[in-house]
Amino acid sequence: MRALRLILLALFAALAVPASAAPPATNGVLVDQELYRAVTERVRHGERFYPATITEQRARSYPVRPALAVRPPTLAYALALLPSTPARTGALVLLLFATLVVLRRTLADRPAPDALATIALTLTGLFGAFFPGAAYLHEQWSVLLLLLSLCASRKPALMVGLAFLAVLIRETALAWLAAMVLVALWRRDWRLAGLASGAIAAAGGLWLVHAHFAAAQVTAADVASPGWVRFQGLTLVIDALRRNLALYPLPGWLLLGVVAASLLAMLRWGETRERIAAVGSAGFIAALTVFGREDNGYWGFMIAPFVLWGVPLMVRSAAARLPMPTPDRA
């Protein structure tokens with residue numbers, strides 16, 4: 001019960017932080033959220049997802065080519081089961097709270113300060129869930145499912161299943177399925193490697209189905225995406241990492257140093273969940289140096305909760321190396 005009270009206090013503290021202290025949502029993100037809200041409402045009223053989505057994107061002069069410009073239908077259908085934006089926002093916050101409770105139970109074998117610090121640093125990376133309209137942003141739901149997936153690291157089938165569901169909401173979650181394969185191969189855990197590889201193959205097959213249905217609605221006159229291969233380098237990486245509230249005030253060089261040290265600590269001292277999170281986050285960060293436009297910094301919500309998990313591990317390691325005081329002898 002004490003842990004639950006602490007998590008509740010942390011949530012209330014996050015809500016109490018002035019909005020100006022949080023990374024500002026760009027106008028592009030706000031427009032995206034309105035697009036996804038409109039699609040959800042059309043689906044709720046009985047329209048099919050693909051015609052509704054292409055119509056809404058055309059009306060806003062959004063690109064509809066290639067298929068990557070069209071989000072998967074999973075979230076729209078799920079949100080359409082709920083009657084309104086407040087209900088959908090409530091569901092997102094409830095899932096966030098439940099995820100933190102599961103994370104605390106997962107960290108039950110850690111010293112309390114270590115566990116609570118990890119939870120607090122996770123929460124600073126989930127601050128975007130409290131923005132207006134966040135329930136329509138795919139990254140917010142997908143990253144919570146990834147968190148739950150990592151909490152289930154001792155149950156490979158459940159871990160892979162939750163990560164697969166995260167991919168069905170946002171394709172970029174594939175980075176964590178790939179990380180599971182790499183970590184599993186390093187540990188010679190053939191079962192996990194097989195499950196994660198199978199999930200990647202299944203996700204690829206479903207994406208081809210998605211691309212087929214999206215392309216069926218497109219005409220030659222529709223707007224095509226200008227592409228995402230932009231080689232933004234560390235500029236986009238720094239912007240993306242500032243989706244973690246604890247990193248937001250830091251200068252770019254210090255931010256990158258802290259994140260690099262944290263990821264290395266996760267690989268050195270972490271358990272399976274930290275290592276998968278580190279490999280997935282590192283791969284995602286590396287991809288951001290090549291892929292992504294100037295307005296895609298919000299992709300950082302996918303890594304924001306994980307990148308500081310190594311900080312408590314570094315503190316614990318440093319504390320263990322401190323010399324123990326010897327009692328004075330009379």
Side-chain angles (χ1 to χ4, degrees), residues 23 26 28-29 32 63 66-72 125 128 137-147 149-150 160 163-186 193 196-197 199-204 206-208 210-211 225-244 247 252-253 255-264 266-267 273-310:
T26 64
V29 173
D32 285 353
L68 281 172
V70 180
R71 290 282 188 269
L137 195 61
H138 297 71
E139 284 78 3
Q140 301 298 342
W141 294 92
S142 185
V143 77
L144 289 174
L145 290 169
L146 287 175
L147 267 168
S149 170
L150 294 176
V160 171
F164 179 71
L165 184 56
V167 172
L168 296 185
I169 292 176
R170 190 66 171 103
E171 308 95 318
T172 48
L174 276 169
W176 280 265
L177 279 176
M180 289 176 195
V181 174
L182 293 175
V183 172
L185 291 175
W186 177 68
S197 298
I200 291 172
L206 288 174
W207 187 87
L208 290 176
H210 165 70
S225 170
W228 293 273
V229 181
R230 295 301 181 90
F231 294 96
Q232 293 290 320
L234 294 179
T235 301
L236 183 58
V237 169
I238 292 169
D239 184 27
L241 289 171
R242 284 189 169 136
R243 267 53 189 183
N244 186 302
L247 294 170
W253 64 270
L255 179 153
L256 292 173
V258 169
V259 170
S262 176
L263 295 179
L264 288 172
M266 291 159 68
L267 291 172
R273 59 178 169 267
E274 284 91 4
R275 288 172 177 166
I276 292 173
V279 172
S281 298
F284 198 94
I285 288 169
L288 284 177
T289 65
V290 178
F291 301 101
R293 299 188 294 265
E294 296 87 345
D295 59 343
N296 293 144
Y298 69 93
W299 291 0
F301 285 128
M302 294 293 293
I303 53 174
F306 310 115
V307 291
L308 294 180
W309 276 6

Which heavy-atom pair separates [X] from [Y] by the least distance, and what is that distance?
X: Val181; Y: Ile200; result: CG2-CD1, 4.0 Å
X: Leu185; Y: Ala193; result: CD2-CB, 4.0 Å
X: Ser262; Y: Gly310; result: OG-N, 2.9 Å
X: Ala240; Y: Leu288; result: CB-CD1, 3.7 Å
X: Met302; Y: Trp176; result: O-CH2, 3.3 Å
X: Ala196; Y: Met180; result: CB-CB, 3.9 Å

Contact between [X] and [Y] at the side-chain level, heavy atoms closer than 4.5 Å - yes or no?
X: Trp228; Y: Trp299; value: yes
X: His210; Y: Val70; value: yes
X: Leu150; Y: Leu146; value: no
X: Phe164; Y: Leu168; value: yes
X: Glu294; Y: Asp239; value: no
X: Leu177; Y: Val160; value: yes
X: Leu308; Y: Val258; value: yes
X: Asn296; Y: Phe291; value: no

Between [atom1] of [X] and [atom2] of [Y], what distance do you get to the nearest 0.5 Å?
X: Phe306; Y: Asn244; atom1: CZ; atom2: CG; answer: 11.5 Å
X: Gln140; Y: Arg170; atom1: CD; atom2: CZ; answer: 11.5 Å
X: Leu145; Y: Leu165; atom1: CG; atom2: CG; answer: 5.0 Å
X: Leu267; Y: Ile276; atom1: CG; atom2: CD1; answer: 11.5 Å
X: Glu139; Y: Thr172; atom1: CD; atom2: OG1; answer: 6.0 Å
X: Leu234; Y: Thr289; atom1: CG; atom2: OG1; answer: 7.5 Å

Could you tell me whether a side-chain N or O of Trp309 sits under 3.5 Å from a main-chain N or O of Pro305, the two making a donor and an acceptor?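 Yes; at least one donor-acceptor contact below 3.5 Å.
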With distance as the sole test, does Ser281 use its side chain to make a donor-acceptor pair with the main-chain N or O of Ile303 at under 3.5 Å?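 Not at all, since once roles are kept as given, no pair shorter than 3.5 Å links the two residues.
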Could you please spell out the steps behind the side chain to side chain contact (heavy atoms under 4.5 Å, CB included) verdict for Val259 and Val237? CA-CA 11 Å; Val259 170; Val237 169; over 6 Å; no
Carefully, step by step, assess Val167 and Leu206 under the rule side chain to side chain contact (heavy atoms under 4.5 Å, CB included). CA-CA 10 Å; Val167 172; Leu206 288 174; over 6 Å; no
For Arg293, what residues pass the salt bridge (charged side-chain N to carboxylate O under 4.0 Å, His left out) criterion, not counting sequence neighbours?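 Scan of Arg293 (salt bridge (charged side-chain N to carboxylate O under 4.0 Å, His left out), adjacent residues dropped) gives Asp295.
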Among residues at least two apart in sequence or on other chains, which ones pass salt bridge (charged side-chain N to carboxylate O under 4.0 Å, His left out) with Arg275?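 Expected list: none.
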